Number of protein chains: 4
Amino acid sequence: MARNKGEESKKKIFQAAAELFAHKGFHATKISDIVAKAGLTQAAFYLYFNSKEEIFEQMLEDFEKQLIHFSDAGKKVADIQPEQVKDHVRETIADILKFLGKNPHLTKVALRENKDDRLRSIIVEKIAANMSNNQRLGIVKTEIDTQFAGEAFLSVIEHIIERYVMTGEKTENELADQVSLLFLEGILNKN
Amino acid sequence: MARNKGEESKKKIFQAAAELFAHKGFHATKISDIVAKAGLTQAAFYLYFNSKEEIFEQMLEDFEKQLIHFSDAGKKVADIQPEQVKDHVRETIADILKFLGKNPHLTKVALRENKDDRLRSIIVEKIAANMSNNQRLGIVKTEIDTQFAGEAFLSVIEHIIERYVMTGEKTENELADQVSLLFLEGILNKN
Amino acid sequence: MARNKGEESKKKIFQAAAELFAHKGFHATKISDIVAKAGLTQAAFYLYFNSKEEIFEQMLEDFEKQLIHFSDAGKKVADIQPEQVKDHVRETIADILKFLGKNPHLTKVALRENKDDRLRSIIVEKIAANMSNNQRLGIVKTEIDTQFAGEAFLSVIEHIIERYVMTGEKTENELADQVSLLFLEGILNKN
Amino acid sequence: MARNKGEESKKKIFQAAAELFAHKGFHATKISDIVAKAGLTQAAFYLYFNSKEEIFEQMLEDFEKQLIHFSDAGKKVADIQPEQVKDHVRETIADILKFLGKNPHLTKVALRENKDDRLRSIIVEKIAANMSNNQRLGIVKTEIDTQFAGEAFLSVIEHIIERYVMTGEKTENELADQVSLLFLEGILNKN
DNA sequence: GATGAATGAGCCTTCATTCAT
DNA sequence: TATGAATGAAGGCTCATTCAT
């Protein structure tokens with residue numbers, strides 16, 4: 001089954017590059033690192049990518065594609081009962097964590113090493129829009145600056161992926177519990 | 001006034017390096033960039049620093065020193081009345097933002113480009129300890145994982161510095177309001 | 001008709017290489033260029049030639065063979081009447097142009113990209129010898145340095161091939177007229 | 001007098017490059033060859049030139065500047081007596097040879113390695129214009145295609161520079177004699 | 001007879017670093 | 001205190017060449 005051997009080599013390189021970019025950043029990652037990790041030579045790299053820059057761009061595009069696919073898949077929101085809000089949010093957060101955690105390297109690259117923050121903005125926008133909608137429905141406090149809250153949320157998610165998901169220290173569900181607890185109700189005891 | 005002209009040159013270089021490291025990261029920043037921004041030559045750089053690595057380390061040390069000084073200064077916490085908790089927290093957050101925002105570049109470098117996350121851990125530890133204490137006092141919910149919450153908090157602060165303080169888009173007080181609102185009470189309406 | 005399919009592929013490669021060597025020179029021509037033009041793969045190249053160097057050498061040998069064949073064919077010179085000299089020369093020049101123009105790429109490669117100028121020398125020698133003979137017969141001025149004139153002549157021919165024959169701008173006969181006019185009688189009006 | 005040491009290094013590199021480009025062509029010449037010949041390291045090359053391409057372009061510009069300066073200097077043509085025509089032409093050719101022979105490497109590079117033949121065209125144009133003028137004055141035969149003759153002339157000059165001037169085998173004056181003899185009166189004996 | 005895949009060697013270029021002045 | 005000039009070491013990229021299929 002030595003079919004499309006080339007395609008496999010390309011994937012190996014892509015994967016190796018993603019991990020290295022995530023760990024060391026774009027500049028600190030050498031082509032020689034990438035191909036060594038992929039078990040190939042430097043020349044092989046240029047069989048599949050035209051430059052270091054290009055593989056990086058492809059990585060972002062790849063992430064964006066998956067992202068759009070994911071958020072489209074989430075459209076089944078439907079209307080939910082007030083008392084189910086918390087559970088629903090918790091599940092949504094878990095879904096997001098699972099999605100991003102599936103390709104933690106790609107996620108980190110996309111959110112950190114990205115010059116114009118385009119991908120970041122896309123995600124924040126979606127979250128903020130969703131929150132605003134819930135404000136209109138009386139679910140979310142009107143004092144909340146949804147744009148701001150969206151950014152805060154994404155920062156937390158981003159950090160979590162790196163700190164807990166990539167290390168395997170906590171499961172997505174545990175994390176979703178804590179995140180939803182934090183963001184939905186805050187740390188203070190109700191008096 | 002040829003008074004410590006050298007000291008000034010060193011500061012210029014240090015400042016330029018901090019900004020560039022913050023904007024482009026350690027690897028993408030070239031000595032030539034730094035000295036160009038400082039209005040000096042490359043050779044001058046080595047009059048004050050032994051290597052690119054060294055100036056970076058000094059930057060972290062510098063940050064750590066200030067950090068310790070700051071947290072020592074905060075020891076006046078004393079005991080506060082329950083009804084003042086929120087205001088007190090809000091003020092503390094504003095203080096933190098003001099402190100970190102004073103050297104946003106340094107902050108970004110210290111928190112992001114830092115290999116072992118030592119500085120990050122120090123801060124998180126302090127926050128978590130404080131929160132745990134407040135759990136014992138019945139102020140903070142016991143379900144909260146304080147370590148986790150501390151990390152989340154720092155991630156948000158870090159992002160805010162970069163996103164709002166460095167751009168001058170919002171003041172530290174405005175930000176402190178939103179952050180405390182978010183973390184203390186969450187986004188949900190009390191029903 | 002799978003008759004000597006290999007032979008045809010070899011020819012395609014050879015032809016492509018000749019054109020590219022002529023246009024861009026040996027070094028600037030890549031094996032990948034050659035096979036792309038020939039509609040084959042790089043590996044196929046090595047089915048027919050052992051190296052880039054080798055195909056180049058074969059090109060020169062090829063040219064030399066044809067050259068010798070051509071000059072042997074011209075041996076029928078015989079003795080001609082003085083009044084026919086000009087016409088005879090003009091025809092000879094036209095013949096040379098036609099011969100070299102048949103494979104302009106090969107010609108250019110052979111005359112330009114050739115390290116030791118061997119082929120060039122061969123041609124110049126023949127021309128010079130012929131001219132010297134005509135000096136003895138009183139047809140050509142004795143002040144003429146035949147070696148020098150031969151070289152000048154070949155330079156002109158070489159340039160003409162590239163400039164007019166390869167572009168199809170003038171016919172060999174037109175060119176032969178101008179060349180013989182120039183070399184036989186010069187540009188000055190007889191006073 | 002270690003004044004402008006850099007300027008001197010730049011010149012050394014430029015000169016070395018000119019010789020190598022002339023001998024081996026642009027592609028076959030390596031930066032390492034150039035700097036080795038100049039007694040410097042590769043990094044030094046990039047202190048003075050941004051790329052291999054750039055030094056090549058500068059070489060062409062350099063040649064063009066000198067060329068324009070030269071042809072401007074030749075404007076003193078004035079009107080000459082018919083019987084002086086030959087001598088005048090001979091001198092002019094000698095001047096051209098001396099000029100081009102002063103920088104034979106630059107000349108070869110400019111005329112051979114030049115993609116669009118711009119410099120070549122400039123020279124040919126000048127020669128052709130001059131010849132056309134002499135046609136109107138009745139000095140040059142009207143059957144002569146001056147454009148064509150100009151190209152032929154330049155090809156010969158170019159070859160001579162390489163073959164005789166660069167090797168020092170003949171002087172510019174000797175060569176001017178032969179060239180003018182050839183082009184003005186042709187090789188045939190007047191009968 | 002032909003190809004897809006891969007490679008070794010080498011070239012162009014960059015950059016942190018040094019040193020004589 | 002500062003600089004102009006230079007360099008060693010490495011990194012990105014290319015290209016002729018090989019080989020299993």
Side-chain angles (χ1 to χ4, degrees), chain A residues 2-10 27-35 38-55, chain B residues 2 4-10 27-35 39-55, chain C residues 2 4-10 27-35 39-55, chain D residues 2-10 27-35 38-55:
Chain A
R3 212 42 341 87
N4 42 24
K5 187 136 158 285
E7 202 55 37
E8 267 170 39
S9 290
K10 181 172 184 176
H27 276 92
T29 299
K30 297 177 265 181
I31 303 283
S32 58
D33 293 339
I34 298 174
V35 294
L40 290 165
T41 63
Q42 284 188 241
F45 178 92
Y46 293 91
L47 238 43
Y48 303 108
F49 304 96
N50 290 311
S51 68
K52 196 180 160 186
E53 227 83 36
E54 198 195 79
I55 194 176
Chain B
N4 44 22
K5 185 132 159 289
E7 203 54 37
E8 266 173 40
S9 289
K10 181 171 183 176
H27 275 94
T29 299
K30 296 178 272 183
I31 302 284
S32 59
D33 292 340
I34 297 173
V35 294
L40 289 165
T41 64
Q42 287 184 235
F45 178 92
Y46 291 89
L47 240 46
Y48 303 108
F49 305 96
N50 290 310
S51 70
K52 194 182 164 187
E53 227 82 36
E54 197 196 79
I55 193 175
Chain C
N4 43 23
K5 185 133 159 289
E7 202 55 36
E8 266 171 40
S9 290
K10 181 170 184 177
H27 275 94
T29 298
K30 297 179 272 183
I31 302 284
S32 58
D33 293 338
I34 297 173
V35 293
L40 289 165
T41 64
Q42 287 184 236
F45 178 92
Y46 292 89
L47 242 45
Y48 304 108
F49 304 95
N50 290 310
S51 70
K52 194 181 164 188
E53 225 82 38
E54 197 195 81
I55 193 175
Chain D
R3 216 36 345 87
N4 42 26
K5 187 136 158 286
E7 202 55 37
E8 267 170 41
S9 290
K10 181 172 184 176
H27 275 94
T29 299
K30 296 177 266 181
I31 303 283
S32 59
D33 294 339
I34 297 174
V35 293
L40 290 165
T41 63
Q42 284 188 239
F45 178 92
Y46 292 91
L47 238 44
Y48 304 108
F49 304 96
N50 290 311
S51 68
K52 197 179 158 188
E53 228 83 36
E54 198 197 78
I55 194 176

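Predicted, not measured: the structure shown is a model, and the values here were computed from it. A, B, ... follow the sequence lines: proteins, then strands. Residue 1 opens every chain.
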Output the rounded distance in Å from [atom1] ([X]) to [atom2] ([N]).
X       : N      : atom1 : atom2 : result
A:Asn4  : E:dT3  : CG    : C1'   : 16 Å
D:Lys10 : F:dG4  : NZ    : P     : 16 Å
B:Glu54 : E:dT17 : CD    : P     : 10 Å
A:Glu53 : F:dG12 : CD    : P     : 11 Å
C:Ile31 : E:dA5  : CD1   : P     : 20 Å
D:Glu7  : F:dA6  : CD    : C1'   : 16 Å

Cation over ring face, A:Lys10 and A:Phe49, 6.0 Å, 45°: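 Ring-cation test returns yes.
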Dot-bracket line, read 5' to 3' along DNA chain F, where crossing pairs take [ ] and | marks a partner on another strand, Watson-Crick or G-U under 3.5 Å: .||||||||||||||||||||
Identify the two heavy atoms, one from [X] and one from [Y], that lie closest to each other, and give their separation to 0.1 Å.
X       : Y       : answer
D:His27 : C:His27 : CB-CB, 3.6 Å
C:Ala28 : C:Asp33 : O-OD2, 3.9 Å
A:Glu54 : A:Asn50 : OE2-ND2, 2.7 Å

Any A:Lys5 side-chain N or O less than 4.0 Å from OP1/OP2 of F:dA20: no
C:Ser9 side chain near E:dA2 phosphate (N/O to OP1/OP2, under 4.0 Å):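 Indeed, a polar side-chain atom of C:Ser9 lies that close.
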Residue met sooner reading DNA chain E from 5', once B:Lys30 and D:His27 are mapped to nucleotides: D:His27
Any residue meeting side chain to side chain contact (heavy atoms under 4.5 Å, CB included) with D:Ala43, in chain and number order, not counting sequence neighbours: D:Thr41
Side chain to side chain contact (heavy atoms under 4.5 Å, CB included) partners of B:Gln42, counting only residues at least two apart: B:Ile31, B:Ser32, B:Val35
Results of ring-ring contact (aromatic ring centres under 6.0 Å, His included) for D:Tyr46 - residues two or more places apart only: none
Non-neighbouring partners of A:Tyr48 that pass ring-ring contact (aromatic ring centres under 6.0 Å, His included), sequence neighbours left out: none
Sub-4.0 Å heavy-atom contacts from residues 39-52 of chain A onto DNA chain E, ordered by number: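 Correct list: A:Leu40, A:Thr41, A:Ala43, A:Ala44, A:Leu47, A:Tyr48.
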